[in-house]
Amino acid sequence: MGDDPRLTLAGPVPEVAPRLLGGLLTAGGVTVRLTEVEAYAGEADPGSHAFRGRTPRTQVMFGPPGRAYVYFSYGMHWCMNVVTGPDGTASAVLLRAGAVVDGLDLARERRPGVRERDLCRGPARLTRTLGVTGELDGTDLLDPASPLRLHLPDAAPSGVHAGPRVGVSGDGAPTPWRFWVDDPSVSPYRAAAPRRPRPAAS
DNA sequence: CTACCGATATTCT
DNA sequence: GAATATCGGTAGA
């Protein structure tokens with residue numbers, strides 16, 4: 001391969017997303033090999049944060065590819081994406097899971113009591129193990145001096161699976177844009193919108 | 001392993 | 001007020 005990574009990330013998000021699998025993400029003294037990702041296709045995608053247009057939270061998605069989009073979820077968790085596609089398309093890839101390949105002692109120290117395979121098993125666990133917070137929103141992932149860096153794999157990974165996205169309901173639900181490789185760190189599939197409706201108020 | 005449930009920011013209705 | 005790209009604790013099979 002040897003493509004310019006910036007050029008690779010500028011491609012269509014359903015093609016870019018599986019190519020992040022096997023990539024190395026480094027932050028806070030810990031490096032993770034990505035094992036599970038999800039594609040979100042900007043303003044045309046009902047499951048995307050950008051579907052309703054630009055907001056203070058989503059502005060980074062509308063910028064150039066190769067930056068980190070970090071957002072606060074459910075009032076307590078950080079989740080991170082890699083912004084993809086041409087400048088202005090608001091596409092991004094959510095990093096859902098990974099396996100720690102370097103800095104394991106530090107990761108364990110940061111997550112006391114957590115089993116190794118659970119350290120980055122889920123998008124919010126991944127950011128916590130790496131120490132990623134909203135301060136890193138907008139970081140250039142391809143800058144060697146950045147506190148949060150992404151290194152794309154030399155070759156496209158093999159054995160990639162695809163399935164429906166997690167937690168996405170409505171029109172965007174059936175789109176098979178969750179990609180993963182066989183690894184213990186991949187979170188088990190959960191159907192979208194399992195939320196139990198609260199008992200009807202009397 | 002499955003199932004429930006609380007915490008609670010951002011955004012939309 | 002309600003929904004959401006979630007997790008961790010607890011309970012039970």
Side-chain angles (χ1 to χ4, degrees), chain A residues 13-14 16-18 20-21 25 32 34-62 67-85 89-98 100 107-108 110-138 141 161-180 183-202:
Chain A
V13 69
V16 172
L20 297 185
L21 294 171
L25 184 69
V32 160
L34 299 175
T35 58
E36 181 185 3
V37 300
E38 250 172 31
Y40 288 89
E43 295 172 283
D45 179 0
S48 171
H49 285 165
F51 182 59
R52 313 276 183 182
R54 188 187 289 245
T55 69
R57 181 173 66 162
T58 62
Q59 60 174 342
V60 174
M61 291 182 85
F62 288 81
R67 291 185 182 170
Y69 164 46
V70 184
Y71 71 95
F72 203 45
S73 174
Y74 287 88
M76 64 187 89
H77 305 300
W78 295 103
C79 295
M80 81 163 282
N81 300 246
V82 178
V83 175
T84 70
T89 57
S91 295
V93 177
L94 173 69
L95 306 184
R96 290 197 57 87
V100 176
R108 282 213 186 95
R110 195 135 54 197
R111 309 288 321 270
V114 177
R115 291 194 244 164
E116 181 172 343
R117 73 161 201 185
D118 290 332
L119 284 171
C120 299
R121 197 186 204 209
R125 291 169 174 172
L126 188 150
T127 58
R128 228 208 260 192
T129 295
L130 292 177
V132 171
T133 70
E135 291 181 12
L136 298 178
D137 188 39
L141 295 166
H161 303 271
R165 293 178 292 184
V166 174
V168 175
S169 55
D171 293 339
T175 315
W177 280 354
R178 172 180 175 244
F179 303 97
W180 69 96
D183 191 272
S185 64
V186 174
S187 53
Y189 172 72
R190 291 184 295 281
R195 289 196 138 314
R196 185 179 67 75
R198 295 238 320 105
S202 59

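Convention: sequence-line order gives letters A, B, ...; per-chain numbering from 1.
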K.L.:
Can you tell me how far C1' of C/dA5 sits from CZ of A/Phe179, to the nearest Å?
P.N.:
15 Å
K.L.:
Roughly how far, to the nearest 0.5 Å, is the CG atom of A/Leu20 from the CG atom of A/Leu94?
P.N.:
11.0 Å
K.L.:
Is it the case that the side chain of A/Arg125 and the backbone of A/Arg121 share a donor-acceptor pair, with hydrogens and angles ignored and the cut-off at 3.5 Å?
P.N.:
yes
K.L.:
Excluding sequence neighbours, so at least two apart, what forms side-chain hydrogen bond (donor to acceptor under 3.5 Å, both in side chains) with A/Thr35?
P.N.:
A/Ser185
K.L.:
Is it true that A/Glu116 and A/Arg108 make a salt bridge, defined as a side-chain N closer than 4.0 Å to a carboxylate O?
P.N.:
yes
K.L.:
Just to verify, what does A/Ser73 make a side-chain hydrogen bond (donor to acceptor under 3.5 Å, both in side chains) with, not counting sequence neighbours?
P.N.:
none
K.L.:
Could you encode protein contacts along nucleotides 8-13 of chain B as a string, one character per nucleotide from 5' to 3', using B for base contact, S for sugar-phosphate-only contact and - for no contact, with a heavy-atom cut-off of under 4.0 Å?
P.N.:
BBSSSS
K.L.:
Between A/Asn81 and A/Val93, does a side-chain contact (heavy atoms from CB on, under 4.5 Å) hold up when you go through it step by step?
P.N.:
CA-CA 5 Å; A/Asn81 300 246; A/Val93 177; 5.8 Å; no
K.L.:
Strictly below 4.0 Å: does A/Arg96 bring a side-chain N or O up to OP1 or OP2 of C/dT6?
P.N.:
yes
K.L.:
Side chains of A/Arg165 and A/Asp45: closer than 4.5 Å at any heavy-atom pair?
P.N.:
yes
K.L.:
Hey, where does DNA chain B pair up into stems, meaning at least three consecutive Watson-Crick or G-U pairs with distances under 3.5 Å?
P.N.:
B:1-7 with C:6-12, B:9-12 with C:1-4
K.L.:
Could you state the CZ-P distance from A/Arg115 to B/dC1, rounded to the nearest angstrom?
P.N.:
7 Å
K.L.:
Nearest-Å distance, OH (A/Tyr71) to P (C/dA3)?
P.N.:
18 Å
K.L.:
Can you sort out the partners of A/Glu38 under side-chain hydrogen bond (donor to acceptor under 3.5 Å, both in side chains), two or more places apart, ordered by chain and number?
P.N.:
A/Tyr40
K.L.:
Could you write nucleotides 8-13 of chain C as a row of B, S and -, 5' to 3', where a protein heavy atom under 4.0 Å of any base atom gives B, of only sugar-phosphate atoms gives S, and otherwise -?
P.N.:
S-----
K.L.:
Would you measure the distance from the P atom in C/dA5 across to the matching atom in B/dT13 and give it in whole Å?
P.N.:
14 Å
K.L.:
Is a side-chain donor or acceptor of A/Thr129 paired with a backbone partner of A/Leu119 at a separation under 3.5 angstrom?
P.N.:
yes
K.L.:
Between atom CZ in A/Arg178 and atom C1' in C/dA5, what is the gap in whole Å?
P.N.:
12 Å
K.L.:
Hey, would you say the A/Trp78 and A/Phe72 ring centroids sit under 6.0 Å apart?
P.N.:
yes
K.L.:
Search all heavy atoms of A/Val16 against all heavy atoms of A/Thr84 and return the closest pair with its distance.
P.N.:
CG1-CG2, 3.9 Å
